[in-house]
Amino acid sequence: MSYEAFQLLSRGGVTFDKSKPEAVLFSKHKDTKHNGKISPKLQTGEIPLELDFFKYAQNNQGKRKKDNSDSSPGKRRKTDRDEDDEEDIEVLAHETESRKPATSHKIAAKGANIPPFIESFGALQNYEKYAVPHHIFSNLKSSGYLEPTGVQTACIPIILKDRDLVAISPTGTGKTLAYLLPLFAKLNTPAASSELPAGVRALVVVPTRELAHQIHNECLKLAQGRKWKIVLFSKASANALSHKAARDKVDIIISTPLRLVAALQEGNLEFTNVQHIVLDEADRMLDAEFMNQIQEIVGACNRSRVQKAFFSATLPAGAEKLAMDMLEDPIRIVVGLKDTPLPLIAQSLTYVADDPSKLPSLLTYLAQPYNPPVLIFTSTQTRATSLAEELVLIGISNVDCLHAGLSHKEREDAVSRMRRGESWVMITTEVMARGMDFKGVREVINYDFPMTVQSYVHRIGRTGRAGREGKAVTFFTDEDAPYLKMIANVILQSGFTVPEWITKLPKPSKMKRRQMGKIKRPDAVNPARSIGRRDAIKQR
DNA sequence: TCGCTTT
């Protein structure tokens, strides 16, 4: 790294505004000409303004600094398109009441007898119709939720009608509330204060401990004021629930799957009264590694009718098939385009030649003005740890590291530091890729190239949450060529640009075949050369 | 397809 970069970094070349509010305010937004017209009729049409999650994009403090002097190798200059988008964000961010959102988003709904979308949280106050406990509304308000997002308008009435559901909505658009709110209505009364049949009634299953923790916190906010018993399942809480009397008072358990399976096998838990199962990050939960556990959990829920709701921002066809096979007469909701990042996230690719070139490129990046905290993804725990160590040695302030190889306490502490704004540069792995909502994160760097579109979409979705803008930079080396085009396609589809030569790369399948054949490209300095090697590939 | 996650 350059001496100047080192100087800048070691004297703390960044500033961080700790006063940045974490809470987002949702704008009250009525467009009367659509009022009263909300019905499944507009299932595949354009979503009315008041249903669009972008309407609450009014939080504009801390506009990011311009990064127009990045000299990383292969870094693309800002294009006209980028400038346009920035204009849009600016306009969008300033609007409060009546202006049109810059991006129109569609909600597509498929299935039989789809319940009408709700217009507002206020509409849910019709207790005879929806049975949402009244204290939920004041808790919504005090948590800053004023109007529902797109996924919430569609999914809340579906879950209230006890229908099975697959819901796909982009990162940071409020999926958690879309299932938690109706769960409280379905449960209606805390088990502790009712004569209902006893036992756990709802499960929320998620892929990581940190995400379970975060959802538990959201759940507690909604539960305030009544005796709801919401359990973040852990070894400790599992022991606490080993007595049936304690279990009978539990309303909702939030957990990772293996913990639940362990408790089931130990006989410390039974799901005979479970009426609702939510799989968050559903495509991840239906991966081969989790599938057996999920089946065991679902199988243990042996009531005649168990409502299932699956949520994610991404759902590859294979996972969707698995999901649909588990559901009864399901409704499928898609907000925006499946497997696509939010347009508010500015995406770019940065060519870094090879692995040893990554660190200098990162230091160049960090030497420019940036908005901490920056979230940096690596491909392995070891690489996360060693990159963090190197940055600390170099003298960069407030570097942090979080992966599943750390102890529970180390993981919790790292998340806390992140939430308090103490981490400026957080190095992490896939464990942080899904669901985590650090509202201050404005910039994500893929230090190691993501292996799937889903990984890419979720990683960069750690920024641009709840209508804020965000920025995502992805490093790529010659070795990433087999996966480059599919990520480039996502970026292009979002309306951003990639180096033109990438669009001319051969089909990924051919690249993969070459990789599997272990044909090494000679040390390619100029990436454009790889185009010329198509013929050699064809001859194989 | 990898390593990631999961008592």
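We name chains A, B, ... by the order of the sequence lines, and we start the count at 1 in each one.
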Practice item. Could you tell me whether the phosphate oxygens of dT6(B), OP1 or OP2, come under 4.0 Å of any side-chain nitrogen or oxygen in T208(A)? Key: no

Review point. For T256(A) and dT5(B), is the shortest distance between a side-chain N/O and OP1 or OP2 below 4.0 Å?
Key: no

Check your understanding: Can R305(A) and D164(A) be counted as an ion pair, charged N to O under 4.0 angstrom?
Key -> yes

Review point. Any Lys/Arg nitrogen of K409(A) or E412(A) sitting under 4.0 Å from an Asp/Glu carboxylate oxygen of the other?
Key: no

Between [options], which one does the side chain of [X] approach most closely?
X	options	value
R209(A)	dT6(B), dC4(B), dT1(B)	dT6(B)
R259(A)	dT7(B), dT5(B), dC2(B)	dT7(B)
H403(A)	dG3(B), dT7(B), dT5(B)	dT5(B)
L258(A)	dT7(B), dC4(B), dT1(B)	dT7(B)
E430(A)	dC4(B), dT6(B), dT1(B)	dC4(B)

Grab the [atom1]-[atom2] distance between [X] and [N] for me, whole Å please.
X	N	atom1	atom2	answer
R411(A)	dT5(B)	CZ	P	7 Å
E479(A)	dC2(B)	CD	P	15 Å
D283(A)	dT5(B)	CG	C1'	13 Å
Q454(A)	dT5(B)	CD	C1'	16 Å
L211(A)	dC4(B)	CG	P	19 Å
F449(A)	dC4(B)	CZ	P	18 Å
F233(A)	dT6(B)	CZ	C1'	14 Å

Exercise for review: Sort out for me which residue in T208(A), D280(A), D283(A) forms a side chain to side chain donor-acceptor pair (under 3.5 Å) with R434(A).
Suggested key: D283(A)

Name the nucleic acid region contacted by [X], choosing base, sugar-phosphate or nothing; use a 4.0 angstrom heavy-atom cut-off, strictly under.
X	answer
R459(A)	nothing
P207(A)	sugar-phosphate
Q293(A)	base

Exercise for review: Return the orientation label for the F476(A) and Y351(A) ring planes: parallel under 30°, perpendicular over 60°, tilted otherwise.
Suggested key: tilted

Review point. For E289(A) and H408(A), take the nucleotide of DNA chain B holding the closest heavy atom to each; which residue's nucleotide lies nearer the 5' end?
Key: E289(A)

Review point. Any N or O donor-acceptor pair linking the side chain of R434(A) to the base of dC4(B) at under 3.5 Å?
Key: no

Review point. Less than 6.0 Å separating the ring centroids of Y483(A) and F449(A)?
Key: no

